[in-house]
Amino acid sequence: MKIENYDCEEEYDKLSKIYDKWASPTWPDDDNIQGLINFIKTFPGGRRILELGVGTGNVAIKLYMDGYHNITGTDKSTGMIKHLKNKCADIKVLMEDLYETEYFDYDWILMIGNIQERVEHKKKFFQKMYKQMLDGALLFMNIGYFPEYHLDFDPNKDLLQEYNESGFSVKRRYRWYTPQHLSGIFTYTDIETGSVVNYKFCVWTITQEDMIELLNNIGFKHLTIGKSADTGYYEDILVFQK
C-alpha cells in the first residue's frame, strides 16, 4: 500500500467533520482535557501562548476560559479552524504550515495531540524553535506510543487495526517504511448514523527517550514528565525549557 499525493490539510479537513464527536464528545466538560489543563497551569507563565496544530480549539479554548487570553493557534485545516471559531471567536489563529511558524515572544508553546509526529525533520525543526524562543520559555508536548516502534519492519507489508472508539468503528490500514515512519488510511464509521469518513495519514514517530535526548542535545532542559496516571490526560506530557 503506497500512499500517493498525501496532503495534511486534506486529512485534517476530513477529520474535522467528526473530530469533536470522536475526540471530545462531552467538551468542555472533558476530564481528559481538564487533567491536561490542570497540569499545565502548575507552571509559571502563560502570558503569551502558542499552540501548534490548534485544531478545533479544545485545549486552547479551555485555557482561554481559565483566564489565559493571549493565545495564538496555528493550523492548516480550514475545517478545523471553522469549528474553533464557532466555539470561540477570540482565539487568534494563523493558517500556516508547521515549518512556517515563528516562536518569538511566546512563553508557553504547546504541541498537544501528537503534533510532533507530523514533523519529519525533527532536529532542524526544534533547532529553529530553540533559536527563536525566549529564554526560560516552556515547551509542552505529548508523545504517542506505537508498539511496533523500533521492531523489525517490512516496508512491503500492510497492517490492519480494527476497534471501536467513542461511538465509531475504526479501521487503520498502514505500513511502516522505516522504524520511525508509517503511513496509511484511517476509516471512521459512525456506529449510530452509518456515515463514513476516510483519509490518508502520514507520521514520523519517536520515543520519549529519543525526544528527550534530541532536545537536550539542542540545548533544551528537560524539566519533567506529567504521567498520564497522575494528570488524567490520555498520554504523558513532556515539559522542556529553553
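Annotation: side chain of Met95 is not in contact with side chain of Asp75 (no heavy-atom distance under 4.5 Å). Counting heavy atoms from C-beta on, the side chains of Tyr199 and Glu10 never come closer than 4.5 Å. Using a 4.5 Å heavy-atom threshold, the side chains of Leu182 and Thr205 count as touching. Considering only heavy atoms from C-beta on, Phe104 stays 4.5 Å or farther from Leu134 through its side chain. Looking only at side-chain heavy atoms (C-beta outward), Ser228 and Glu235 stay at 4.5 Å or farther from each other. A heavy-atom distance below 4.5 Å is not found between the side chains of Thr72 and Val93. In this structure, the side chains of Phe201 and Ile185 stay at 4.5 Å or more apart for every pair of heavy atoms. Contact of the Leu15 side chain with the Val197 side chain is not registered, since no non-hydrogen atoms from C-beta on lie closer than 4.5 Å.
Comment: Lys14 does not engage Glu9 in a salt bridge, judged by the lack of any side-chain N to carboxylate O separation of less than 4.0 angstrom. Note on Arg48 versus Asp107: no salt bridge recorded, every NZ/NE/NH1/NH2 to OD/OE distance being 4.0 Å or above. Using a cut-off of 4.0 Å between Lys/Arg side-chain N and Asp/Glu carboxylate O, Lys76 and Asp13 are scored as not salt-bridged. Ionic pairing of Lys87 and Asp20 is present here: one or more N-O contacts between side-chain nitrogen and carboxylate oxygen are shorter than 4.0 angstrom.
Looking at Ser77, its side chain does come within 3.5 Å of a backbone N or O of Gly79 through a donor-acceptor pair. For the pair Thr193 (side chain) and Ser195 (backbone), a donor-acceptor distance under 3.5 Å is present. Judged purely by atom type and a 3.5 angstrom limit, Lys200 has no side-chain atom pairing as donor or acceptor with the backbone of Glu11. Side-chain N or O atoms of Asn217 include one that pairs as donor or acceptor with a backbone N or O of Glu213 at under 3.5 Å. Side chain of Thr178 to backbone of His181: a donor-acceptor contact under 3.5 angstrom is found. Side chain of Ser166 to main chain of Trp22: a donor-acceptor pair is present (N/O by atom type, distance under 3.5 Å, no hydrogens or angles). Between the side chain of Lys85 and the backbone N or O of Ile91, at least one donor-acceptor pair lies under 3.5 Å. Looking only at distances, no side-chain donor or acceptor of His222 sits under 3.5 Å from a matching main-chain atom of Asn216. Asn142 places a side-chain N or O within donor-acceptor distance of the main-chain N or O of Gly113, the cut-off being under 3.5 Å.
Note on ring orientation: taking the six-membered ring where Trp is involved, the planes of Phe39 and Phe140 are perpendicular (angle over 60°, cut-offs 30° and 60°). Classified by interplanar angle (parallel below 30°, tilted 30° to 60°, perpendicular above 60°), the ring pair Phe126/Phe220 is perpendicular.
In this structure, Lys242 forms a cation-pi arrangement with Tyr130, its terminal cationic atom sitting closer than 6.0 Å to the ring centre and no more than 45° off the ring axis.
A distance below 6.0 Å separates the ring centres of Tyr188 and Phe186. A centroid separation of less than 6.0 Å is found between the aromatic rings of Tyr68 and Trp108. Checked against the 6.0 Å centroid criterion, the rings of His69 and Tyr64 qualify as a close aromatic pair.
Across all non-hydrogen atoms, the minimal contact from Tyr99 to Asp97 is N-OD2, 2.8 Å. Closest approach of Gly194 to Thr189, counting heavy atoms only: O-CG2, 4.0 Å. Contact between Asp190 and Lys21 at its shortest, heavy atoms only, is OD2-NZ, 2.5 Å. Heavy atoms only, all atoms of each residue included: Ile112 and Glu51 are closest at CB-OE2, 4.3 Å. Residues Gln116 and Ile143 come closest through the heavy atom pair NE2-CA, 3.7 Å.
More than 12 heavy atoms of other residues, nucleotides or ligands sit less than 6.0 Å from atom NZ of Lys41. For NZ of Lys171, the number of neighbouring non-hydrogen atoms (other residues, nucleotides, ligands) closer than 6.0 Å is 12 at most.
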*Step by step, would you call Met211 with Thr207 a side-chain contact (heavy atoms from CB on, under 4.5 Å)?*
CA-CA 6 Å; Met211 179 63 84; Thr207 64; over 6 Å; no
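In terms of hydrophobic clustering, with Ile, Leu, Val, Met, Phe, Trp and Tyr side chains grouped at heavy-atom distances under 4.5 Å, Ile40 and Leu139 are assigned to different clusters. Put simply, Ile218 and Ile115 are part of the same group of oily side chains (I, L, V, M, F, W, Y) that touch within less than 4.5 Å, one to the next. A chain of hydrophobic side-chain contacts below 4.5 Å, direct or via other Ile, Leu, Val, Met, Phe, Trp or Tyr residues, connects Tyr106 to Leu215. Hydrophobic clustering of Ile, Leu, Val, Met, Phe, Trp and Tyr side chains at less than 4.5 Å, counting indirect connections, keeps Leu238 apart from Tyr233. Connection of Ile61 to Ile33 is established within a shared hydrophobic cluster, with ILVMFWY side chains joined at heavy-atom distances below 4.5 Å, either directly or through further cluster members.
A side-chain donor-acceptor contact under 3.5 Å links Glu96 and Thr101. No hydrogens or angles considered: nothing links the side chains of Trp204 and Glu117 as a donor-acceptor pair under 3.5 Å.
Between Gln241 atom CD and Met133 atom CE the span is 8.5 Å, to the nearest 0.5 Å. Here the straight-line distance linking atom CG of Leu36 with atom CG of Asn58 works out to 11.0 Å at 0.5 Å rounding.
Shown are Asn38, Asp31, Asn32; of these, the side chain to side chain donor-acceptor pair (under 3.5 Å) with Gln34 is made only by Asn38.
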